[in-house]
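What follows is a short report on a single structure.
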Amino acid sequence: MASILHVIPTPQSPASPKTKTLGTLLRGLASCSTMSELKQFHAQIIKLGLSCDNDAMGRVIKFCATLESGDLNYALQVFDKLPNPDTFIYNTIIRGYLQSQLLKESVLFYSQMLECSVSPNNFTLPLVIRACCMDNAVEEGKQIHGHVIKFGFGFDKFSQNNLIHMYVNFHFLEEAKRVLDNMYEKDDVSWTTLISGFAQLGYLAEAFRVFDSISEKSSVCWNAMISAYVHNNQFHQAFALFERMMSEDVVIDKFIAASMLSACTRLGALKQGEWIVEQVEKSRIDLDSKLATTIIDMYCKCGCLDKALQFFKGLRRKGISSWNCMIGGLAMHGKGEAAIELLKEMESERVAPDYITFVNLLSACAHSGLIEEGKHYFHYMKEAYGIEPGMEHYGCLVDLLGRAGLLEEARNIVKEMPMNADVGVLGALLGACRIHKNIELGEIIGKQVIELEPQNSGRYVLLANLYAYAGRWEDVANIRKLMNDRGVKKAPGFSVVELEGVVSEFTAGGRTHPQAKEIYAKVNEMLDCIKSAGYVPDSDGLQQDIDEEERENPLYYHSEKLAIAFGLLKTKPGAVLRITKNLRVCKDCHQASKLISKVYDREIIVRDRNRFHHFKDGECSCKDYW
DNA sequence: CACTCCTTAT
């Protein structure tokens, strides 16, 4: 028995047993992934008598406060036990609040830190600046700017860059620029923050001035400026800048590829888009799921469903956004059944559909008139995946029912849905009233929609068209007057056609094209030809009706017809014409396009604001519902 | 022991 009381001598380890255990524990802590695991490590650290050790507790707090699987309240409990928490620990809690969107608490914790005489370091102020920025706390933000200087971080890049971000967010553009100008050493972050900030507020000239002032432009800077143009619909500027970039031998990376693809998509510039895809493949740019999605979207919106599908199927790993985008693409092209098939494929590959998947799927059902299927999936998403229908889903359902002529049912959905219908949902109902010429309901909804979005010209136009159908010319004139009084301008209509890689743009009645004379002659010839095939210009009431495209131009010269005429002039017989326009196809152009496809034996693919129209053999894929 | 900028889609 006595031997038990003897300490058996062991060889001396280089570190003391306690340190060694702590080291192992901290390593274990770094690798734990759940709160319950963490609590076990925490308990062991306490047993070692380290419950007040900043170094050890700092790690515990870091886990709880900043990781997805953490628990901010637990972090705060640990914090409260610490007699002298250090700067790192304060910073970590501030970051925890920030990540949880508890912005005021974040700033408050910083002042608590100062009250306890703990000095901020270079990590502290960027966090607090961000909190003020996200909270739109202008006064506090200015004070923190003072602290940056007072505590000696006037030359710290992170603080400065975050200040730029904050002032941009406050719309204090001069102040943002001043911070940049006073920076000792500006970097990509400083420049791109300011460029994209200016661009978001629409100040493109200012953004370009900043860009131009950069002596050594990195690809990040180039992309910031390119995407600034893209986001402001200045596609030609984006292309011009891209070309300049190429001529200066800057290498395309995945960011630039994505921005340029987005420009091609919005413009309908298929050839250019394909060229970018080629570059991506050639230069082995990392094809992440964002870039893959962008490429799929480009093919879909440029009218090449086949290529989109081919690319999609060839992807090794398909992210959820790629699936969603592909389903959305099928929806736009009126391929509802194929969209449903793709959902099933997704399920059989054990990819869980999400909120967006069902928005796109329901939109596919709506565009293809799949009423029963649409209703089914509206319930199915909740039953099978626990996804509560949101505003967009209700919008699709209303669209689906409304298009099918089930206006009462659609209206009941609007009344009974758990949230207040937004403009999107009401707009869908209004659209249905237009299709089915329900003046009574359309008038009520139209007025609501206009007041919800008084600057959106399309809403006025829709109601005015409805009045025009009813022959209520006085009301049409009143709408027009209302628009004038409020200074609402109709978006100028334009159509774009891409031929041999050259994108040509047409505006209604525009004569600036170098070959305008030939094009107009072709339009006249075209219209004569289809007249013999039964085309009757939709001129009833034209003098009074408000069209989406400018009224002062004769109907025949809508941008879409000019683009088609130009396409017929410039391509060989049988070639497919792809046209992209910014507004909805008007009734007359739709009818004309159908007949042109027959008489000239051409497939014409038109992308309008909402969807695609494939004109072939005198028919349209939208089955005249759009 | 750690922080900020440029990319897509609905």
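In what follows, chains carry the letters A, B, and so on, assigned in the order in which the sequence lines appear, proteins first and then strands, with residues in each chain numbered from 1. Note that these values count all heavy atoms, side chains included, but never hydrogens, waters or copies made by symmetry.
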Please table the atom pairs, donor to acceptor, closer than 3.5 Å between any side-chain atom in residues 237-252 of chain A and protein atoms at least two apart or in another chain.
{"unit_1": "Arg244(A)", "atom_1": "NE", "unit_2": "Glu248(A)", "atom_2": "OE2", "d": "3.3"}
{"unit_1": "Ser247(A)", "atom_1": "OG", "unit_2": "Arg244(A)", "atom_2": "O", "d": "2.7"}

Show me, pair by pair, the donor-acceptor contacts under 3.5 angstrom made by side chains of residues 312-329 of chain A, not counting sequence neighbours?
{"unit_1": "Ser321(A)", "atom_1": "OG", "unit_2": "Thr293(A)", "atom_2": "OG1", "d": "2.9"}
{"unit_1": "Ser322(A)", "atom_1": "OG", "unit_2": "Thr293(A)", "atom_2": "OG1", "d": "3.2"}
{"unit_1": "Asn324(A)", "atom_1": "OD1", "unit_2": "Thr357(A)", "atom_2": "OG1", "d": "2.6"}
{"unit_1": "Asn324(A)", "atom_1": "ND2", "unit_2": "Asp354(A)", "atom_2": "OD1", "d": "3.2"}

Show me, pair by pair, the donor-acceptor contacts under 3.5 angstrom made by side chains of residues 80-87 of chain A, not counting sequence neighbours?
{"unit_1": "Asp86(A)", "atom_1": "OD1", "unit_2": "Phe88(A)", "atom_2": "N", "d": "3.3"}
{"unit_1": "Asp86(A)", "atom_1": "OD1", "unit_2": "Ile89(A)", "atom_2": "N", "d": "3.0"}
{"unit_1": "Thr87(A)", "atom_1": "OG1", "unit_2": "Ser119(A)", "atom_2": "O", "d": "2.9"}

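In this structure, Leu397(A) CG and Met417(A) CE are separated by 9.5 Å, a value rounded to the nearest 0.5 Å.
Listed in residue order, the members of residues 300-332 of chain A having a heavy atom less than 4.0 Å from DNA chain B are Lys301(A). Taking a 4.0 Å limit (strictly below) on heavy-atom distances, residues 217-243 of chain A reaches DNA chain B at Val220(A), Asn223(A), Ser227(A), His231(A). Contacts between residues 360-368 of chain A and DNA chain B, defined by a heavy-atom separation below 4.0 Å, involve Asn360(A), listed by number. A heavy-atom distance below 4.0 Å to DNA chain B is reached by these residues of residues 158-174 of chain A, ordered by number: Phe158(A), Asn161(A), Asn162(A).
Running 5' to 3' along DNA chain B, contacts with non-hydrogen atoms of chain A at under 4.0 Å begin and end at dC1(B) to dT10(B).
You'll find the ring centres of Tyr394(A) and Phe378(A) inside the 6.0 Å limit. The six-membered or imidazole ring of Tyr90(A) lies near that of Phe109(A), with a centre-to-centre distance under 6.0 Å. In this structure, His145(A) has its ring center closer than 6.0 angstrom to the ring center of Tyr167(A). Taking the six-membered ring for Trp, Phe170(A) and Phe172(A) have ring centres closer than 6.0 Å.
The one candidate from Tyr380(A), Tyr355(A), Phe358(A) that meets the ring pair (Phe, Tyr, Trp, His ring centres under 6.0 Å) condition with His393(A) is Tyr355(A).
Using a 4.0 Å heavy-atom cutoff across all strands shown, Thr293(A) reaches at least one base atom of the nucleic acid. Using a 4.0 Å heavy-atom distance criterion, Arg95(A) is classed as a base contact. Across all strands, Asn121(A) comes closer than 4.0 Å to base atoms (heavy-atom distances). The residue Asp253(A) sits apart from the nucleic acid: no heavy atom pair falls under 4.0 Å.
When the side-chain hydrogen bond (donor to acceptor under 3.5 Å, both in side chains) test is applied to Asn91(A), the partners found at least two apart in sequence or on another chain are Asn121(A), Thr124(A). By the side-chain contact (heavy atoms from CB on, under 4.5 Å) test, Ser213(A) pairs with no residue at all, sequence neighbours left out. Partners of Met134(A) according to the side-chain contact (heavy atoms from CB on, under 4.5 Å) rule, which considers only residues two or more places apart in sequence or in another chain, are Leu98(A), Gln101(A), Leu103(A). Checked against salt bridge (charged side-chain N to carboxylate O under 4.0 Å, His left out), Glu388(A) has the following partners two or more places apart in sequence or in another chain: Lys382(A).
One finds no salt bridge joining Asp608(A) and Arg584(A) here, because no Lys/Arg side-chain nitrogen approaches an Asp/Glu carboxylate oxygen to under 4.0 Å.
Donor-acceptor pairing under 3.5 Å is lacking for the side chains of Asn582(A) and Arg609(A).
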